*Asks:* 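Here you go, one structure.
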Amino acid sequence: MSRNHDVKRYPGLGILSLAFFAYLYAPLLIVVIYSFNANRITGVWTEFSVKWYGSALNNSALMAAVETSLIVAGIATVVATTIALMAALAIIRGKNLRFRRLSETVVNLPLLLPEIVLAVATLILFSLIGLQNGLLKLVIAHSAFCTPFAFLPIRARLQGMSLDFEEAATDLYAPRWTVFRRVTLPLIFPGLFSGAMLAFLISMDDFITSNMLASGGTTTLPVYIFSLIRAGTSPELNAIATLLIAASLVLATVALTVAARSAREPN
């Protein structure tokens, strides 16, 4: 690249980048700092303390919301990733599949529609069929809108994967299930894992659909946090947010590690 067109040499780029990252991450840093504030009044620092973490972890309502979110996100991740895997295999590997583009559009349709529209439509559907189980409603809804998020990384991995190993296994008379289990699945595992992690995070983070479908005893963590915010911010809320940030960083680190390893391995 020519020195005249080197983006690193554009005047003011460093200051602009610094301002952008400060605007993006400064609020998170403030939340983390004040989660260790002993004072109950948010924004007035007195001394360092971790008592709000103990208060949050001993909050039975909070722990129930965390348990509900983990159950819903875990089941929805398995269901959505399985459906996304089958859809990706059919669309990418199905040479004679009719309406391939239409099928791919249908799978990705939840990404194109506003979530409030999907939430209202899902609520109306469950009302028409008389479904009352709150946990089951959340699992079905989360599985539906998480599927396209799991589908995209799996499809990208399949599209960039060479067919040589699968064809070699077929030439050696390996059954189709054996080819999939011993060859295809290990090769697409990074995309499968990324899709599953993305689906899990989207499910854990969802508020609109969960708020509409949640009933007594099935309050998810985002809905519970929103109920706390309506009563005003508190150090306990800062502690909850900090724990969520830490959990997200751990999942992101694991996903990046798997992606980096896969990038070093030949297809």
Side-chain angles (χ1 to χ4, degrees), residues 1-37 39 41-46 48 50 52-53 56 69 73 108-119 145-146 148-157 159-160 190-191 193-211 221-223 225-226 228-230 232-265:
M1 181 180 293
S2 173
R3 291 183 59 183
N4 295 331
H5 296 87
D6 189 354
V7 68
K8 296 179 181 179
R9 297 181 179 273
Y10 286 177
L13 179 63
I15 298 177
L16 183 62
S17 300
L18 182 62
F20 168 77
F21 285 109
Y23 172 79
L24 191 63
Y25 293 109
L28 299 179
L29 182 61
I30 292 174
V31 167
V32 173
I33 292 174
Y34 278 96
S35 68
F36 297 101
N37 183 18
N39 196 338
I41 301 176
T42 304
V44 179
W45 181 271
T46 54
F48 181 89
V50 295
W52 301 115
Y53 288 90
S69 289
N108 291 322
L109 190 59
L111 294 176
L112 307 177
L113 297 176
E115 186 181 354
I116 185 65
V117 175
L118 291 175
F145 68 71
C146 285
F149 292 97
F151 173 79
L152 293 177
I154 298 173
R155 182 196 63 178
R157 183 66 179 178
Q159 287 178 329
F193 180 80
S194 299
M197 288 296 97
L198 186 58
F200 181 83
L201 291 175
I202 293 296
S203 177
M204 287 289 295
D205 187 56
D206 177 75
F207 169 75
I208 297 177
T209 302
S210 299
N211 189 44
L221 185 58
V223 175
I225 291 177
F226 180 74
L228 292 181
I229 293 176
R230 290 192 300 178
T233 58
S234 68
E236 184 176 329
L237 181 58
N238 291 337
I240 297 171
T242 302
L243 292 174
L244 289 176
I245 293 172
S248 300
L249 289 176
V250 171
L251 289 176
T253 301
V254 173
L256 289 174
T257 302
V258 172
R261 288 182 178 178
S262 65
R264 295 194 296 265
E265 296 175 358

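This is a predicted model, so every value here is computed, not measured.
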*Asks:* Below 4.5 Å, heavy atoms only, C-beta onward: do L221 and L244 meet side chain to side chain?
*Replies:* yes
*Asks:* Can you sort out the partners of F200 under ring pair (Phe, Tyr, Trp, His ring centres under 6.0 Å), two or more places apart, ordered by chain and number?
*Replies:* none
*Asks:* Between T242 and S35, is there a donor-acceptor pair closer than 3.5 Å when you use the side chain of the first and the backbone of the second?
*Replies:* no
*Asks:* Could you state the interatomic distance from OG1 (T209) to CD1 (I116), rounded to the nearest 0.5 Å?
*Replies:* 8.0 Å
*Asks:* Can you give me the closest heavy-atom contact between L249 and T253, atom names plus distance?
*Replies:* O-OG1, 2.7 Å
*Asks:* Please name the residue in the list F149, F193, F151 that meets the side-chain contact (heavy atoms from CB on, under 4.5 Å) test with L198.
*Replies:* F149
*Asks:* For L201, which residues count as a side chain to side chain contact (heavy atoms under 4.5 Å, CB included) partner, sequence neighbours excluded?
*Replies:* L251
*Asks:* Just how far is it from atom CD1 of I202 to atom CD of E115, taken to the nearest 0.5 Å?
*Replies:* 9.0 Å
*Asks:* Which residues satisfy the side chain to side chain contact (heavy atoms under 4.5 Å, CB included) test with A241, sequence neighbours excluded?
*Replies:* V31
*Asks:* According to side-chain hydrogen bond (donor to acceptor under 3.5 Å, both in side chains), who are the partners of S210, at least two apart in sequence or on a separate chain?
*Replies:* H142, D206
*Asks:* Taking all atoms of both residues into account, what is the closest heavy-atom pair of I154 and G191, and its distance?
*Replies:* CG1-O, 3.7 Å
*Asks:* Which residues pass the ring pair (Phe, Tyr, Trp, His ring centres under 6.0 Å) test with F36, sequence neighbours left out?
*Replies:* F48, Y53
*Asks:* So how far is it from L152 CG to L111 CG, rounded to the nearest 0.5 Å?
*Replies:* 6.0 Å
*Asks:* Between N37 and T46, is there a donor-acceptor pair closer than 3.5 Å when you use the side chain of the first and the backbone of the second?
*Replies:* yes
*Asks:* Side chains of residues 13-26: which donor-acceptor pairs under 3.5 Å do they make with residues two or more places apart or in other chains?
*Replies:*
from : atom 1 : to  : atom 2 : distance (Å)
S17  : OG     : L13 : O      : 2.9

*Asks:* List the steps, then state whether side chain to side chain contact (heavy atoms under 4.5 Å, CB included) holds for N238 with W52.
*Replies:* CA-CA 8 Å; N238 291 337; W52 301 115; over 6 Å; no
*Asks:* With rounding to the nearest 0.5 Å, note down the distance linking CG in L118 to CG in L112.
*Replies:* 10.0 Å
*Asks:* Could you measure the distance from the CG atom of L237 to the OH atom of Y34? Nearest 0.5 Å is fine.
*Replies:* 15.5 Å
*Asks:* Please report the shortest heavy-atom distance between P222 and M204, naming the atom on each side.
*Replies:* CG-O, 3.1 Å
*Asks:* Looking only at heavy atoms, what is the nearest atom pair of A199 and C146, with distance?
*Replies:* O-SG, 3.4 Å
*Asks:* Measuring from atom CD1 of I245 to atom CG of L28, what distance do you get when rounded to the nearest 0.5 angstrom?
*Replies:* 4.5 Å
